[in-house]
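These notes are about the structure you will find just below.
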Amino acid sequence: MPELPEVEVVRRGLERWVAGRTVAAVEVRHPRAVRRHLEGADHFTAALTGRTLTAAYRRGKYLWLPIAEADDTPAGQALVAHLGMSGQLLVEKRSQPDETHLRARFTFTDGGRELRFVDQRTFGGLAVEDADGGSIPARLAHIAIDPLDAGFDADRFSAALRRRRTEVKRALLDQTLIGGVGNIYADEALWRARLHGSRPTERLSRAQVADLLEGVRDVLTESLAQGGTSFDSLYVDVNGQSGYFSRHLAVYGQADRPCPRCGTPIVRESFMNRSSYSCPRCQPRPRARRS
DNA sequence: ACGAAACCCTGGGTGC
DNA sequence: TGCACCCAGGGTTTCG
């Protein structure tokens with residue numbers, strides 16, 4: 001599935017292959033793909049037809065492309081995209097057969113390759129949102145800056161994390177605290193910091209939070225380097241699985257395999273209706289607290 | 001106000 | 001072979 005590094009690869013592809021082009025037509029093939037556009041599919045289409053997509057930006061796992069009028073005047077809006085679990089944004093020849101799960105198609109006035117939104121499980125979606133002056137759309141403002149962004153404030157993150165009264169993995173997955181970390185990266189970062197995800201945030205030391213943040217940064221950076229290698233110039237690729245997942249994951253999906261650090265078999269635990277993976281020796285469960 | 005649970009969705013895998 | 005069931009899981013909404 002597309003994770004933050006893959007979303008960044010998609011952003012780079014959109015910046016290169018879509019930015020600066022003017023939309024000729026939009027075809028919404030599945031209503032769920034634009035469910036976040038509350039005014040409906042026809043309104044979505046009208047808001048984009050004849051407009052130019054000027055750039056491609058990302059925060060966490062969200063992408064947005066500012067919209068301009070034909071004369072390059074900013075329209076004060078942006079096309080917002082989230083890939084969800086299975087979404088892809090593909091730049092393809094018009095002759096390419098439609099994908100089974102093609103949800104939306106954008107053609108451009110230059111007659112070149114079209115942009116397609118393909119999404120098997122329809123957790124992802126597209127919308128046109130208000131975005132003044134090319135800044136982040138208002139509806140995305142609650143998403144925290146991700147740790148690879150130059151504007152990320154480590155001290156502020158540390159203080160906010162330690163103010164929380166929850167488990168550290170829940171905090172890592174909270175997009176209002178830190179953007180872009182999903183289940184896979186949370187598990188990998190916790191393993192690097194030798195912390196169990198159930199550790200209470202208020203009892204973490206500053207040094208432990210610093211280690212955790214370093215783990216997050218390292219795993220995202222290393223994954224991005226892998227995701228970048230699978231980018232094909234004719235194709236806005238979101239499939240980083242073959243490059244990254246198979247070789248660099250220490251714990252995620254590695255149940256019963258030896259911990260790369262100590263050899264102890266990795267264990268899988270149920271958490272928030274999904275899976276958590278950890279090394280029982282490197283990342284011991286916290287003792288139950290008496291209250 | 002904050003934390004946690006419910007909900008959305010479909011194809012691949014597994015067991016009977 | 002086919003059917004029922006489980007699993008993947010981010011973000012928004014709802015609940016406590």
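Just so it is clear: chains get the letters A, B, ... in the order the sequence lines come, proteins before strands, and each one is counted from 1. Side chains are part of it too, since the values below use all heavy atoms of this structure and drop only hydrogens, waters and symmetry mates.
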Lys/Arg N to Asp/Glu carboxylate O, [X] vs [Y], below 4.0 Å:
| X | Y | answer |
| --- | --- | --- |
| A/D110 | A/R21 | yes |
| A/R164 | A/D174 | yes |
| A/D211 | A/R192 | no |

[X] [atom1] - [N] [atom2] separation (whole Å):
| X | N | atom1 | atom2 | result |
| --- | --- | --- | --- | --- |
| A/D174 | C/dT13 | CG | P | 15 Å |
| A/L172 | C/dG11 | CG | P | 13 Å |
| A/N183 | C/dG10 | CG | C1' | 10 Å |
| A/Q254 | C/dA8 | CD | P | 14 Å |
| A/D119 | C/dG11 | CG | C1' | 14 Å |
| A/K61 | C/dG11 | NZ | C1' | 9 Å |
| A/R35 | C/dG10 | CZ | P | 15 Å |
| A/R32 | C/dT12 | CZ | P | 13 Å |

Check: Given that A/R274 and A/R165 both sit by DNA chain B, which one's nearest nucleotide is further toward the 5' end?
Finding: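 Nearer the 5' end of the strand: A/R165.
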Notebook entry, point to check: Given C/dG11, is OP1 or OP2 found less than 4.0 Å from the side-chain N or O atoms of A/H82?
Noted result: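 Indeed, a polar side-chain atom of A/H82 lies that close.
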Next item on the list: Ignoring backbone atoms, establish whether A/Y62 has a side-chain N or O less than 4.0 Å from OP1 or OP2 of C/dT12.
Entry: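 Checking A/Y62 against C/dT12: at least one side-chain N or O falls below 4.0 Å of OP1 or OP2.
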Note to self: What contact category does A/R163 fall into here, base, sugar-phosphate, or nothing, at under 4.0 angstrom with non-hydrogen atoms?
What the structure shows: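 A/R163: no heavy atom of the nucleic acid under 4.0 Å.
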Next item on the list: Have a look at A/H142 and say if it touches a base, only the backbone sugar-phosphate, or nothing, with a 4.0 Å heavy-atom cut-off.
Entry: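 The residue A/H142 makes sugar-phosphate contact but no base contact.
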Note to self: Quick check: closest heavy atoms across A/I266 and A/Y277, and the distance to 0.1 Å?
What the structure shows: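 Closest approach of A/I266 to A/Y277, heavy atoms only: CG2-CB, 4.1 Å.
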Notebook entry, point to check: Given that A/R139 and A/S275 both sit by DNA chain C, which one's nearest nucleotide is further toward the 5' end?
Noted result: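 Comparing both residues, the 5'-ward one is A/S275.
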Notebook entry, point to check: Given that A/R268 and A/G60 both sit by DNA chain C, which one's nearest nucleotide is further toward the 5' end?
Noted result: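 Result: A/R268.
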Item checked: Base of C/dG11 paired with side chain of A/R36 (donor-acceptor, under 3.5 Å) ->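 Flag unset: no donor-acceptor pair detected.
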Notebook entry, point to check: Once the angle between the rings of A/W64 and A/Y57 is folded into 0 to 90°, is it parallel (under 30°), tilted (30 to 60°) or perpendicular (over 60°)?
Noted result: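 Ring orientation of A/W64 relative to A/Y57: tilted.
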Check: Linking I/L/V/M/F/W/Y whenever their side-chain heavy atoms sit closer than 4.5 Å, directly or via other members, would A/F157 and A/V219 fall into one cluster?
Finding: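 Yes: a chain of side-chain contacts under 4.5 Å links A/F157 to A/V219.
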Notebook entry, point to check: Is there a path from A/I136 to A/L14 through hydrophobic residues (I, L, V, M, F, W, Y) whose side chains come within less than 4.5 Å of each other?
Noted result: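 No, no single cluster joins them.
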Notebook entry, point to check: Earliest and latest nucleotide of DNA chain B, 5' to 3', sitting under 4.0 Å from a non-hydrogen atom of chain A?
Noted result: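 Using the under 4.0 Å cut-off, the span is B/dG3 to B/dG11.
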